[in-house]
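All values below were derived from every heavy atom in this structure, side-chain atoms included, with hydrogens, water molecules and symmetry-related copies excluded.
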Amino acid sequence: MPTFSHDSLLAARFHSARAGLELTAIIDAALPVTRISADVLAQDRKHIPLLDEFVLRLVNTDLRTDGAITGFLGLPSSMVTDTIADHFRRDLLVYGPPDSVDGVRRLKLTPRGEQQERELSSITPVRVNEPLIFDRLLWKVSSFDRRVIIPRRQAQEQNMLLLPTAQRRPVEMSDLTLAAINAQLRERGMIDREVLQVRQISESQAPSVLPAKILVYADADRTDIQLGVVIDGELSPDHELALYNHGGAKALGIQVEAPAERPPLDPDLERARIPLAEVTKQRAQQAADQLAAVAPKEPSDELPRNEIRAIGVFEHPDLLEEALTQARRRILLIAPWIKRDIVNTSFISKLENRLRRGVSVHIAYGYTPNDPKNDRAAVRKLENLASRFKEKFTFTRVKSTHAKVLVYDDVWVTTSFNWLSFAGDRDRTYRMEEGTLVRGREKADEQYRRYLDLIAQESE
């Protein structure tokens, strides 16, 4: 069974969540939130109905007849009578002997009832400080995990899409409802505490966000674009509706282009190729099995010797990761552009690890001379690595290449996907990228030699 990255797992789970639309992109997003410190009046939750408590406490204060209790509470006598009868069954109340003056038998607490009344009397409100997270898109308190909240500055550095806020003002006490606060406490496992009043709040001045995912769906004509919002691994209809009310994809600058043209194959390979729809269906089942912790039918390290199938846009990063972490003999990669979002410290570390294990590496890039779409710092990292491993790593700028190829060990992938720049574009324009994976020593060897010759011919 393949290992799914977070995005490819989301794609396998939610690819069919919009009938008639195709999942085109998954975007790292940042949901604006505010950390709030609330000074509240709270008490331990009493696990007894309020009327039951009142009856016990009134009996203890010498209101000891059904009529006296009913008159004090102003409730129907049947409600009070039923409550008293229930206390009798639970051994909390009994009738005392007849009064020597009027002969009336009055209620009295049993030893068990006295203990219950003392415990209830001891539960009194106290002032405590409650840390809260306020969702600025839905404009309400939410039960987000504080540990995953990050500074907005960090989200901007990572090119995350900043989602809008419902209002551009500080959070006020009137924005915090007791029901929402208590619901959050229950979700945090604090089932025995109940907030009775919010006395004062203070708002953190450091802008914060919650990492989220935006799923971009589009129709065949790319005219109907819909967004899904994933919070904590699940779709959130409330956030989706809020984004729609803020203008949806257009307001966020999200555009979808027509699908890229898939590189052609030899006729024999084309006929044998498993289409994307079938591959997507298989991966969806594999993802479901992985989430359910179902053991694969075959050992995970046994790969098919010969395989020709489609790969969708969300599987490409997984294949690149597989090459960087599992290749044993060779890696060849050709891409037009190089971006620091991909060729980062982690990428270089994994590639160096392959080189130290004796893997032969060839990387070629180039689209036009002095192409501004390349990040010079990322290119320099690869140049430095190549200078340290001259016997194993060749890093080449070619005059121009439209090829987008990955070969590692016995796997050959040809595609329209930009291997080294797919996360580096800032214009929020997306399109479906489809490729073909061919697994087999003979075909991989053939393509490996072919692209080595191409790099040699096109090198500057």
From [X] [atom1] over to [Y] [atom2], what is the distance, rounded to the nearest 0.5 angstrom?
X      : Y      : atom1 : atom2 : result
Ser208 : Ile133 : OG    : CD1   : 7.5 Å
Tyr448 : Tyr408 : OH    : OH    : 15.0 Å
Lys213 : Leu227 : NZ    : CG    : 15.0 Å
Leu355 : Glu391 : CG    : CD    : 12.0 Å
Ile308 : Ile274 : CD1   : CD1   : 8.5 Å
Leu196 : Ile181 : CG    : CD1   : 11.0 Å

Can you tell me which residue pairs pass the side-chain hydrogen bond (donor to acceptor under 3.5 Å, both in side chains) test with a partner in residues 32-41, sequence neighbours excluded?
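Residue pairs with at least one partner in residues 32-41: Thr34-Arg136, Ser37-Asn129, Asp39-Arg127.
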
Output, in order, the C-alpha distance, side-chain angles, deciding distance and verdict of side-chain contact (heavy atoms from CB on, under 4.5 Å) for Val405 and Leu333.
CA-CA 6 Å; Val405 173; Leu333 195 153; over 6 Å; no

Any side-chain heavy atom of [X] within less than 4.5 Å of one from [Y]?
X      : Y      : answer
Leu23  : Phe314 : yes
Arg357 : Glu352 : no
Val379 : Arg340 : no
Ile231 : His239 : yes
Val438 : Val411 : no
Val209 : Leu31  : no
Tyr217 : Thr24  : no
Glu172 : Asp175 : yes

Testing the 3.5 Å rule here: is there a donor-acceptor pair between the side chains of [X] and [Y]?
X      : Y      : answer
Gln447 : Arg450 : yes
Asn353 : Ser349 : no
His15  : Thr280 : no
Asp289 : Gln285 : yes
Glu315 : Ser8   : no
His362 : Thr396 : no

Charged N-O contact under 4.0 Å between [X] and [Y]:
X      : Y      : value
Arg330 : Asp445 : yes
Glu321 : Lys350 : yes
Arg273 : Glu434 : yes
Asp219 : Arg222 : no
Arg18  : Glu240 : yes
Lys443 : Glu446 : yes

Between [X] and [Y] (side chain of the first, backbone of the second, donor and acceptor by atom type, cut-off under 3.5 Å), is there such a pair?
X      : Y      : value
His246 : Thr165 : yes
Arg262 : Thr415 : no
Arg428 : Gln255 : no
Glu203 : Val171 : yes
Asp135 : Leu137 : yes
Asp375 : Ala378 : no
Asp28  : Met160 : no
Asn384 : Arg380 : yes
Lys392 : Arg356 : no
Asp409 : Arg329 : yes

Would you mind listing every ring pair (Phe, Tyr, Trp, His ring centres under 6.0 Å) that reaches into residues 136-188, with sequence neighbours excluded?
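Matches after skipping sequence neighbours: Phe134-Trp139.
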
If you count the non-hydrogen atoms of other residues, nucleotides and ligands that lie under 6.0 Å from [atom1] in [X], is the total more than 12?
X      : atom1 : value
Arg153 : CZ    : no
Phe389 : CZ    : yes
Arg376 : CZ    : yes

[X] versus [Y], closest heavy-atom pair with distance:
X      : Y      : result
Asp318 : Ser5   : OD1-OG, 2.6 Å
Phe4   : Ala12  : CE2-CB, 4.2 Å
Leu351 : Ile331 : CD1-CD1, 4.4 Å
Ser416 : Pro263 : N-CD, 3.9 Å
Arg309 : Val279 : NH1-CG1, 3.7 Å
Leu252 : Leu162 : CD2-O, 4.4 Å

Kindly determine whether Asp86 and Arg90 satisfy salt bridge (Lys or Arg N to Asp or Glu O under 4.0 Å), including the steps that lead there.
CA-CA 6 Å; Asp86 183 61; Arg90 295 165 55 198; 3.4 Å; yes

For the pair Glu383 and Lys381, evaluate salt bridge (Lys or Arg N to Asp or Glu O under 4.0 Å) and give the outcome as yes or no after the intermediate values.
CA-CA 5 Å; Glu383 289 173 340; Lys381 286 181 179 180; over 6 Å; no

Passes side-chain contact (heavy atoms from CB on, under 4.5 Å), Val398 versus Tyr365? Steps please.
CA-CA 6 Å; Val398 295; Tyr365 76 105; over 6 Å; no

Should Val148 and Asp145 be marked as a side-chain contact (heavy atoms from CB on, under 4.5 Å) after you check the CA-CA gap, both sets of side-chain angles, and the distance that decides it?
CA-CA 6 Å; Val148 300; Asp145 186 346; 4.1 Å; yes

Are Asp341 and Lys339 close enough, and set up right, to give a salt bridge (Lys or Arg N to Asp or Glu O under 4.0 Å), and what steps lead you there?
CA-CA 5 Å; Asp341 300 77; Lys339 296 286 189 178; over 6 Å; no

Ring-plane angle category for Phe393 and Phe395, please: parallel below 30°, perpendicular beyond 60°, tilted otherwise.
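Rings of Phe393 and Phe395: tilted, as their planes differ by 30° to 60°.
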
Ring centre gap for Tyr367 and Trp337 strictly below 6.0 Å:
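They qualify: ring centres under 6.0 Å apart.
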
Determine, stepwise, if the pair Glu257 / Thr429 fulfils side-chain contact (heavy atoms from CB on, under 4.5 Å).
CA-CA 7 Å; Glu257 294 181 343; Thr429 300; 3.4 Å; yes

